[in-house]
Novice: 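The structure is given below, and queries will be raised subsequently.
Proteins come first, then strands; the chains are lettered A, B, ... in the order of their sequence lines, and each starts at number 1.
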2 protein chains.
Amino acid sequence: MTVEETRSRRAMDRIGLLLARHGGISNARMRDALEATGLSTRQGITLMHLAENGPIGQQALVEALGVDPSALVAILNDLERDNLVERRRDPADRRRHIVVLTDAGGSVLTRVDAAMDAVERELFVHLDADEVATLHRLLSRINTAVNDDACREV
Amino acid sequence: MTVEETRSRRAMDRIGLLLARHGGISNARMRDALEATGLSTRQGITLMHLAENGPIGQQALVEALGVDPSALVAILNDLERDNLVERRRDPADRRRHIVVLTDAGGSVLTRVDAAMDAVERELFVHLDADEVATLHRLLSRINTAVNDDACREV
DNA sequence: TATTGTTATACTCTATAACTATA
DNA sequence: TATAGTTATAGAGTATAACAATA
């Protein structure tokens, strides 16, 4: 018997609360699974973005990742300490730091992907591929456009 | 142009990360909407549970809500200070506190419901009723049974 | 000795504002 | 004067362990 099975069902009749709770669980599982890589979820997402979109300034990275500038500084400090990214001054505008993925950063991404795959397999074990695709499509259509100042968890 | 529209799409191709992010947004919206009632989301859920299931001991409430015992103490302290709940000693076992919803606590629930309704309307404005029902059903089938020690956000 | 609730504490995440260096 | 990045700090949320009262 698990905690979830005994938990109040009525409150979770509210889809907004159900979404919040299961989102938090997904967040926690991702964090736990990535612990083996030594990365936080946001550090993993940062590496993913760099691998997919190439070098980028911190300001642009702030908008791409949806994190606060001061939070990004902490993320990059840790990644740079572990030689997974490099900050290079932009010669065209010496205020700017261009963030570049290192070879070590690229290679750790395979472990990040494997960890995230495992989390998703476990979360959606009771859903078939069509259902997961439907869930993904419906989640992506949730309206997140307004209230940009709301906090981000990932 | 919003932050979300410029955000990295590739990372959000991962349904686990999308679920975590949109769950966090739902959580934040609920928190902001409930600010007018002076309640946190967890305080609101606690009142909902008491209204639906009647008086209950704190230990049972801990399991029903999925919060830490020490967190529940803080939740109930604030609710009791505002006369929304009462803690009564169980005469049959004087270690136990039975938590009871007050009349004032019951009446504030109508405002909690209205606030949560508004959040859900806004989040799912691009989905029709069938799609919301499908999303709700799929979310409820996510496997949350294992790793009970994972953190809870709501 | 075990259980119920409480307190104290620490740790993470997030948000805000002030600061620097460059433009 | 404005912008890119940084630092310092405060707040919320969560988890852990030690504690008092009662069984």
Novice: Contact between A:V99 and A:L79 at the side-chain level, heavy atoms closer than 4.5 Å - yes or no?
Specialist: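 They are not in contact (no side-chain heavy atoms under 4.5 Å apart), so the answer is no.
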Novice: Using only side-chain N and O atoms of B:Q58, determine if any of them is under 4.0 Å from OP1 or OP2 of C:dT3.
Specialist: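 It does not, given that no N or O in the side chain of B:Q58 lies less than 4.0 Å from OP1 or OP2 of C:dT3.
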Novice: If I take atom CZ from residue B:R21 and atom CD1 from residue A:I142, how far apart are they, to the nearest 0.5 angstrom?
Specialist: 13.0 Å
Novice: Using the 3.5 Å cut-off, write out each protein N or O paired with an N or O of nucleotides 19-23 of chain C and the distance between them.
Specialist:
residue	atom	partner	partner atom	Å
C:dA23	OP1	A:R94	N	3.1

Novice: Quick one: B:I45 CD1 to D:dG13 P, roughly how many Å, whole number?
Specialist: 12 Å
Novice: Output the distance between atom CG (A:L47) and atom CD (A:E52), rounded to the nearest 0.5 Å.
Specialist: 10.5 Å
Novice: OP1 or OP2 of C:dT6 sitting under 4.0 Å from any side-chain N/O of B:R87?
Specialist: yes
Novice: In this structure, how many angstroms lie between the P atom of C:dG5 and the CD atom of B:E63, rounded?
Specialist: 11 Å
Novice: Under a 4.5 Å cut-off applied to non-hydrogen side-chain atoms, are B:L139 and B:L135 in contact?
Specialist: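 The answer is yes; the side chains approach within 4.5 Å.
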Novice: Between atom CE in A:M30 and atom C1' in C:dC13, what is the gap in whole Å?
Specialist: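 These atoms are roughly 18 Å apart.
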Novice: B:L39 CG to D:dA12 P: how many Å, rounded?
Specialist: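 Roughly 15 Å, once rounded to whole Å.
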Novice: B:Q43 versus B:V112: any side-chain heavy-atom pair under 4.5 Å?
Specialist: no
Novice: Does the side chain of B:N143 reach to within under 4.5 Å of the side chain of A:F124, using non-hydrogen atoms?
Specialist: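 Answer no - side chains too far apart.
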Novice: Find the distance A:R31:CZ to D:dG13:P and express it as a whole number of Å.
Specialist: 16 Å
Novice: Can you check whether B:S140 reaches A:L18 side chain to side chain, under 4.5 Å on heavy atoms?
Specialist: yes
Novice: Taking atom P of D:dA23 as reference, at what distance in whole Å does atom NE2 of B:H97 sit?
Specialist: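 Whole-Å distance recorded here is 12 Å.
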Novice: Verify salt bridge (Lys or Arg N to Asp or Glu O under 4.0 Å) between A:D117 and B:R14, making sure each step is shown before the conclusion.
Specialist: CA-CA 9 Å; A:D117 282 340; B:R14 276 216 173 266; 3.0 Å; yes
Novice: Could you state the atom-to-atom distance from CD of B:E86 to C1' of C:dG5 in whole Å?
Specialist: 18 Å
Novice: Which of residues 70-83 of chain A have a heavy atom under 4.0 Å from DNA chain C?
Specialist: A:S70
Novice: According to a strict under-4.0 Å criterion, is A:R42 in side-chain N/O contact with OP1 or OP2 of C:dT14?
Specialist: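 Indeed, a polar side-chain atom of A:R42 lies that close.
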Novice: Can you tell me how far C1' of C:dA2 sits from CD of B:Q59, to the nearest Å?
Specialist: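 These atoms are roughly 12 Å apart.
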Novice: Any chance CG of A:D103 has more than 12 other-residue heavy atoms, nucleotides or ligands included, within less than 6.0 Å?
Specialist: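 At most 12 heavy atoms, drawn from other residues, nucleotides or ligands, come within 6.0 Å of this atom.
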